[in-house]
Structure formats: C-alpha cells, structure tokens
Amino acid sequence: MRRIILFSVLSLILGIGLGMASFVVLDRYVLPAEPSSAQETPSPDASVSPSPQLQNTQPDNAALTERAYHVLEAMSTQDWEGLSACVSPERGVTFTPYSYVSEDDICLTPAQVAQAGSDNTLYTWGAADGSGEPIQLNVRDYFANYVLDADFTQAPILGIDYVISSGNSLENVEDAYPDCSFVEFYYPGIDEALQGFDWCGLKLIFTQEAGEWYLVGVIHSQWTI
C-alpha cells in the first residue's frame with residue numbers, strides 16, 4: 001500500500017512539473033498567433049490582444065527578427081551609415097508618426113539617411129496629435145520624438161506580422177505594405193501611474209530583395225487624442 005501511495009504521489013508531482021514546463025513554453029511561443037477570446041480590460045485608446053511575449057513567431061522568421069534588432073540598434077546608436085545600408089535601395093524608407101500610413105509621409109533614400117547626422121533640413125512629417133500643427137523637424141529630431149521616444153530595444157512584447165495594439169489612429173500597415181513583413185516592438189505602458197495611457201509601439205517594415213531583408217517603413221504608434 002505504501003508503495004502504491006508513493007508511486008501516486010511521485011506521478012502527481014511529475015505531472016504538475018511537466019504541466020508547468022509546457023505552460024512556460026506556450027506562454028512564450030504562440031503558434032499561430034490569433035486574437036484570444038479571453039476577456040481582458042483594454043488599455044486606454046488601445047485594443048490590445050491578450051498576447052504573450054512573442055506573437056506569430058515561426059522558425060523561418062529568425063532572419064527577419066535579427067534584421068529588425070540590427071536596424072533598431074543602428075537607430076539607437078545613431079549609426080546613420082549602418083542604418084542606410086539596411087534601407088531598400090529601390091524603395092527607400094517611409095516614416096509614419098501615428099499608425100496610419102499616408103501618401104504624404106516622408107520617404108528618405110539610403111543616401112539621405114546616411115547624411116542625417118549632419119543634415120539640418122526641416123521636413124514636414126505630418127500633423128501633431130492634438131494641436132494639428134505641422135511636424136517640422138530634421139531627421140535627428142524626428143527620430144528623438146517619433147521613433148525612439150522609448151527604448152524599444154527593451155520592449156516586453158514583440159509581434160511579427162501581427163498588429164498588437166490599435167487606438168484612435170487607424171491601422172493600415174497591411175494595406176500600405178501588402179508585399180512586406182513587419183516586426184513591432186511594443187510597450188503596453190511604461191509609467192504605472194499613467195495606467196496605460198503611455199502605451200507605444202514601433203513597427204519596422206521590411207521587404208526582401210535578392211534574398212535580403214531591407215527596411216521600407218517605420219511606423220510609430222502611441223495613445224492619441
């Protein structure tokens with residue numbers, strides 16, 4: 001009888017351990033990534049799917065993810081030459097300050113990106129949320145305000161070809177870039193006191209040319225009025 005009880009206890013412990021291990025793996029890799037039916041309280045001005053740390057990640061996306069982090073690192077260190085080498089020679093790179101991609105968004109060539117460190121040209125990138133005033137900044141200042149307003153290298157959620165959050169600004173990344181793939185670095189919030197009103201995301205859009213991933217779009221998302 002003691003042997004039977006001991007075997008039952010060991011089996012129970014082993015079963016719990018395997019269950020926990022399976023939960024950790026599933027919580028980190030969801031295949032495929034589809035919106036869950038679970039009910040959660042959405043963040044202000046954002047409809048966020050109850051997602052784990054990694055959304056829609058397949059093994060063949062390793063090169064895309066690596067490229068995205070490489071681009072993000074070049075942006076963060078203001079390595080304009082390195083960043084320009086990642087920009088599509090054919091299409092350039094288009095910058096969108098608030099989720100919705102417009103035909104009026106600024107598109108820069110690789111040469112313009114390479115010269116950003118010394119170029120003081122003021123571009124009109126769109127209209128500022130709330131005031132409606134034109135966003136007139138040089139490339140460096142635009143990056144500071146509408147690309148690297150958060151440290152996206154440390155973003156807790158990563159989405160691949162998956163829109164993690166949407167707010168008042170319409171999301172049209174799939175329509176604007178139908179032949180591309182994108183990686184989104186996302187913060188559901190940074191300052192707990194703001195209760196999610198400071199959520200933000202950065203989408204890097206890539207196209208394949210001669211077997212390499214090249215940057216064609218940079219979309220910044222945040223809470224808007």
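Keep in mind it's a predicted model, so treat the numbers as computed, not measured. Count residues from 1 along the sequence.
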- Item | From CA spacing to verdict: salt bridge (Lys or Arg N to Asp or Glu O under 4.0 Å), Asp179, Arg91 | CA-CA 12 Å; Asp179 58 340; Arg91 300 170 56 168; 3.1 Å; yes
- Query: How far apart are the C-alpha atoms of Tyr123 and Leu137, what are their side-chain angles, what is the distance that settles it, and do they pass the side-chain contact (heavy atoms from CB on, under 4.5 Å) test?
  - Reply: CA-CA 6 Å; Tyr123 298 92; Leu137 301 167; over 6 Å; no
Does a donor on one side chain and an acceptor on the other come within less than 3.5 Å for [X] and [Y]?
{"X": "Thr153", "Y": "Asp151", "result": "yes"}
{"X": "His220", "Y": "Asn145", "result": "no"}
{"X": "Asp105", "Y": "Thr96", "result": "yes"}
{"X": "Ser221", "Y": "Ser99", "result": "yes"}

Flag side-chain contact, heavy atom, 4.5 Å: [X] against [Y]:
{"X": "Gln222", "Y": "Asp149", "value": "yes"}
{"X": "Met75", "Y": "Leu204", "value": "yes"}
{"X": "Val139", "Y": "Trp80", "value": "yes"}
{"X": "Phe182", "Y": "Ile160", "value": "no"}
{"X": "Phe185", "Y": "Leu158", "value": "yes"}
{"X": "Val218", "Y": "Leu202", "value": "yes"}
{"X": "Ile219", "Y": "Thr94", "value": "no"}

Taking every non-hydrogen atom, the tightest pair across [X] and [Y]:
{"X": "Gly92", "Y": "Val87", "result": "C-CG1, 3.6 Å"}
{"X": "Leu64", "Y": "Val183", "result": "CG-CG2, 3.8 Å"}
{"X": "Tyr186", "Y": "Pro156", "result": "O-CD, 3.2 Å"}
{"X": "Val93", "Y": "Gly217", "result": "CG2-N, 3.8 Å"}
{"X": "Asp119", "Y": "Arg140", "result": "O-NH1, 3.0 Å"}
{"X": "Pro110", "Y": "Ser84", "result": "O-CB, 3.1 Å"}

Donor-acceptor contact below 3.5 Å, side chain [X] vs main chain [Y]:
{"X": "Asn172", "Y": "Val101", "value": "yes"}
{"X": "Gln112", "Y": "Thr109", "value": "yes"}
{"X": "Tyr214", "Y": "Phe206", "value": "no"}
{"X": "Thr124", "Y": "Gly126", "value": "no"}

- If you group Ile, Leu, Val, Met, Phe, Trp and Tyr by side-chain heavy-atom gaps below 4.5 Å, do Phe197 and Ile164 land in one group? yes
- Please check if Ile190 and Leu148 belong to a single hydrophobic cluster, counting links between Ile, Leu, Val, Met, Phe, Trp and Tyr side chain heavy atoms closer than 4.5 Å. yes
How far does [atom1] of [X] sit from [atom2] of [Y], to the nearest 0.5 angstrom?
{"X": "Leu72", "Y": "Cys86", "atom1": "CG", "atom2": "SG", "answer": "11.0 Å"}
{"X": "Tyr146", "Y": "Asp129", "atom1": "OH", "atom2": "CG", "answer": "8.0 Å"}
{"X": "Leu83", "Y": "Glu73", "atom1": "CG", "atom2": "CD", "answer": "11.5 Å"}
{"X": "Ile106", "Y": "Asp104", "atom1": "CD1", "atom2": "CG", "answer": "8.5 Å"}
{"X": "Glu81", "Y": "Gln115", "atom1": "CD", "atom2": "CD", "answer": "8.5 Å"}
{"X": "Ser181", "Y": "Gln208", "atom1": "OG", "atom2": "CD", "answer": "7.5 Å"}

- Task: Look at the rings of Tyr187 and Phe152 and say which category their plane angle falls in: under 30° parallel, 30 to 60° tilted, over 60° perpendicular.
- Result: tilted
Tell me if the [atom1] atom of [X] is crowded by more than 12 foreign heavy atoms within 6.0 Å.
{"X": "Gln136", "atom1": "CD", "result": "yes"}
{"X": "Glu66", "atom1": "CD", "result": "no"}
{"X": "Tyr100", "atom1": "OH", "result": "no"}

- Below 6.0 angstrom between ring centroids: does that apply to Phe143 and Phe95? yes
- Message: Assess the residue pair Asn138 and Thr121 against the criterion (side-chain contact (heavy atoms from CB on, under 4.5 Å)); give the C-alpha distance rounded to whole Å, side-chain angles, the decisive distance to 0.1 Å, and a yes or no.
- Response: CA-CA 5 Å; Asn138 61 38; Thr121 303; 6.0 Å; no
